[in-house]
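So the structure is just underneath, and the comments pick up after that.
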Amino acid sequence: MAETGVFEKYRAYLDVPAHTKNITLLEGSTPLIPVPRLAQELGGGFELYVKFEGMNPTGSFKDRGMTVAIGEAAGRGARAAICASTGNTAASAAAYAARAGMRCVVLIPQGKVAAGKLAGAIAYGAQVLQIDGSFDDALALVVEISQRHPIALVNSLNPYRLEGQKTAAFELVDRLGDAPDWLCLPVGNAGNITAYWMGFRQYREVKSSGLPRILGVQAEGSAPLVLGHAVDHPETVATAIRIGRPARGEQALQAAEESQGRIIAVSDQAILDMQRRLAQEGIWVEPASAAGLAGLAHSLSRKEIDLRGKQVAAVCTGHGLKDPDLIASRMSAPAVLPAELAALEDAILSAQAKPFEGQAE
Ligand code: AN7
């Protein structure tokens with residue numbers, strides 16, 4: 001358990017007003033998990049780590065930015081916060097607003113938010129409103145309403161969200177001793193990729209650390225940054241990144257270009273395959289979170305990148321528990337047995353179940 005949250009830990013590097021309060025749930029300090037077997041399968045010859053951001057207090061990376069955005073809003077006396085969200089921002093805003101004693105309103109696209117995120121937002125006591133429209137529609141609405149009323153906008157258009165979120169880059173450098181050679185991550189509204197690039201550049205100034213090349217990955221059906229134009233009706237199984245007009249799109253493209261990286265798109269099938277593959281490492285992430293690694297696998301298989309001797313960090317942004325319905329709908333339901341030993345033996349020893357294969361390795 002972290003002793004401090006990201007605001008206290010990295011206060012000296014955060015460009016925030018003096019009135020900013022420390023509203024924390026001890027977010028950050030997430031595990032950086034080596035996955036050598038997966039690296040081997042992807043061709044080998046490089047070091048691969050998963051930065052498991054699903055281990056933050058509300059189950060996603062959003063907590064890093066939210067602690068700072070809510071802390072700033074609370075510090076200047078804001079009584080309410082609002083955001084549009086595909087789910088994780090909503091749950092995070094709701095939790096930190098609750099901690100600050102503020103009211104929270106979240107707008108989500110109807111029917112397109114994973115159960116664990118919606119449940120979180122409700123549990124933390126936010127007013128949850130579903131929009132008969134997309135995330136992009138919801139974002140346009142919250143921007144407008146925050147201009148008319150004294151309610152703090154905590155989407156990543158809020159600069160303090162990025163200030164907090166960039167601490168993930170600091171943690172990578174602090175932990176690895178330098179920046180990784182490559183960073184891969186999913187891209188939706190493009191706040192996270194923008195924040196990582198800010199963080200790495202800042203650390204280069206103050207710590208003389210290096211810069212990674214950044215591989216940003218979108219889902220094929222929601223890939224405005226790859227297509228070069230907005231997508232009016234984005235679709236993907238990775239609902240977290242079902243975004244057609246990324247608010248920080250320009251900055252994301254700049255981060256990819258300046259870092260000599262790229263932004264690519266992968267299919268939903270590739271995302272789900274990587275989600276399953278990560279689970280075989282004991283790392284269960286929500287679909288969007290597997291997109292970064294799916295993009296890495298895609299680039300490697302086409303020999304578009306050469307990772308020999310390199311160090312790669314993959315950001316897995318949200319926990320698998322966020323989206324349990326997806327597993328229920330795409331995987332077979334557990335068998336129901338009578339409470340009898342014979343039935344249990346049958347089930348375990350039946351050929352289909354392959355119960356003890358490979359156990360002795
Ligand atoms: C698991 O919660 O946009 O590119 O409203 O939940 O910084 O937007 C979520 C985005 C990646 C993309 N992975 O990050 C929201 C929202 C997960 C996410 C992204 C999101 P950005």
Side-chain angles (χ1 to χ4, degrees), residues 30 51-56 58-66 69 82-95 106-109 112-114 116-118 120-121 126 128 131 134-139 142 153-158 161-162 164-166 168 183-199 214 216-219 222-225 234 236-253 255-256 263 271 274-275 278 284-295 314-323 326:
T30 51
K51 178 100 173 129
F52 193 12
E53 290 285 281
M55 295 301 288
N56 276 296
T58 78
S60 86
F61 73 102
K62 303 286 184 183
D63 295 345
R64 290 179 186 277
M66 203 56 73
I82 193 168
C83 65
S85 180
T86 58
N88 279 324
T89 299
S92 186
V106 306
L107 262 67
I108 59 174
K112 297 292 185 181
V113 167
K117 305 176 188 180
L118 181 56
V128 180
I131 296 295
S134 65
F135 165 83
D136 306 288
D137 298 326
L139 183 60
V142 298
L153 180 69
V154 295
N155 279 104
S156 59
L157 287 165
N158 179 323
R161 279 278 310 280
L162 300 193
Q165 239 158 265
K166 74 185 179 186
L183 181 83
C184 63
L185 79 175
V187 175
N189 212 26
N192 206 28
I193 186 172
T194 301
Y196 268 98
W197 189 234
M198 280 169 55
I214 297 187
V217 186
Q218 303 207 283
S222 305
L225 300 179
T236 169
V237 66
T239 53
I241 52 174
R242 186 175 168 275
I243 294 173
R245 296 174 194 276
R248 301 248 180 207
E250 284 303 318
Q251 284 160 284
L253 292 169
I263 295 183
I271 289 173
M274 186 53 75
Q275 182 192 31
L278 277 166
W284 182 26
V285 304
E286 64 166 286
S289 300
L293 270 169
V315 184
C316 287
T317 43
H319 203 288
L321 285 166
K322 292 278 192 169
D323 200 351
L326 179 91

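First listed ligand is number 1; within each ligand, the first listed atom is number 1.
Within the 4.5 Å cutoff, the side chain of Asn189 has no heavy atoms near those of the Thr89 side chain. For the pair Met198 and Gln165, the minimum side-chain heavy-atom distance is 4.5 Å or more. Residues Leu118 and Ile108 meet the side-chain proximity criterion, which asks for heavy atoms closer than 4.5 Å. Two residues are said to be in side-chain contact when any heavy atoms from C-beta on lie closer than 4.5 Å; Ile214 and Leu185 meet this criterion.
Atoms of ligand 1 lying under 4.0 Å from at least one heavy atom of Ile243, given by number and element, are 3 (O). Atoms of ligand 1 lying under 4.0 Å from at least one heavy atom of Asn88, given by number and element, are 1 (C), 2 (O), 6 (O), 17 (C), 18 (C). Shown in contact with Ser85 at under 4.0 Å from a heavy atom are these atoms of ligand 1, numbered in order with element: 2 (O), 5 (O), 15 (C). Ligand-side atoms of ligand 1 in range of Gly191: 4 (O), 7 (O), 21 (P), range being under 4.0 angstrom from any heavy atom. Near Gly87, meaning under 4.0 Å from any of its heavy atoms, are these atoms of ligand 1: 2 (O). Heavy-atom proximity to Ser289, at under 4.0 Å, picks out these atoms of ligand 1: 1 (C). Each of the atoms 4 (O) of ligand 1 lies under 4.0 Å from some heavy atom of Val187. Heavy-atom contacts of Ile241 reach the following atoms of ligand 1: 11 (C), 12 (C), 19 (C) (cutoff under 4.0 Å).
In this structure, Thr86 has a heavy atom closer than 4.0 Å to ligand 1. Put simply, part of Ala190 is less than 4.0 Å from ligand 1, judged by heavy atoms. Ligand 1 has no atom lying under 4.0 Å from any heavy atom of Ser60.
With Asn88 as the fixed residue, the side-chain hydrogen bond (donor to acceptor under 3.5 Å, both in side chains) test singles out one of Glu53, Lys62, Lys322: Lys322. Paired with Val142 under the rule side-chain contact (heavy atoms from CB on, under 4.5 Å), one option of Val154, Leu157, Leu107, Val106 passes, and it is Leu107.
Among all non-hydrogen protein atoms, the one lying nearest atom 18 (C) of ligand 1 is Ala240 CB, 3.5 Å. Here the protein heavy atom with the shortest distance to atom 17 (C) of ligand 1 is Thr317 OG1, 3.3 Å. With respect to atom 14 (O) of ligand 1, the closest heavy atom belonging to the protein is Phe61 CZ, 3.4 Å. Of the protein's non-hydrogen atoms, Lys62 NZ, 3.2 Å is the one closest to atom 10 (C) of ligand 1. In this structure, atom 7 (O) of ligand 1 lies nearest to the protein heavy atom Asn192 N, 2.7 Å.
Across Gly87 and Val113, no two heavy atoms sit closer than the pair CA-CG1, 3.8 Å.
Taking CE of Met55 as the reference point, atom CG of Asp63 lies at 12.0 Å (rounded to 0.5 Å). Note that OG of Ser85 is 12.0 Å distant from CD1 of Ile82, once rounded to the nearest 0.5 Å.
The distance criterion of under 3.5 Å between nitrogen or oxygen atoms is met by Asn189 with respect to ligand 1. The shortest N/O to N/O separation between Thr89 and ligand 1 falls below 3.5 Å.
When heavy-atom distances to ligand 1 are checked against a 4.0 Å cut-off, Lys322 has no atom that comes that close, whether in backbone or side chain.
With sequence neighbours left out, Thr317 forms a side chain to side chain donor-acceptor pair (under 3.5 Å) with Ser289.
A donor-acceptor contact under 3.5 angstrom links the side chains of Arg64 and Thr30, judged on distance only.
Although no hydrogens or angles enter the test, the distance criterion places no donor-acceptor pair under 3.5 Å between the side chain of Asn158 and the main chain of Asn155.
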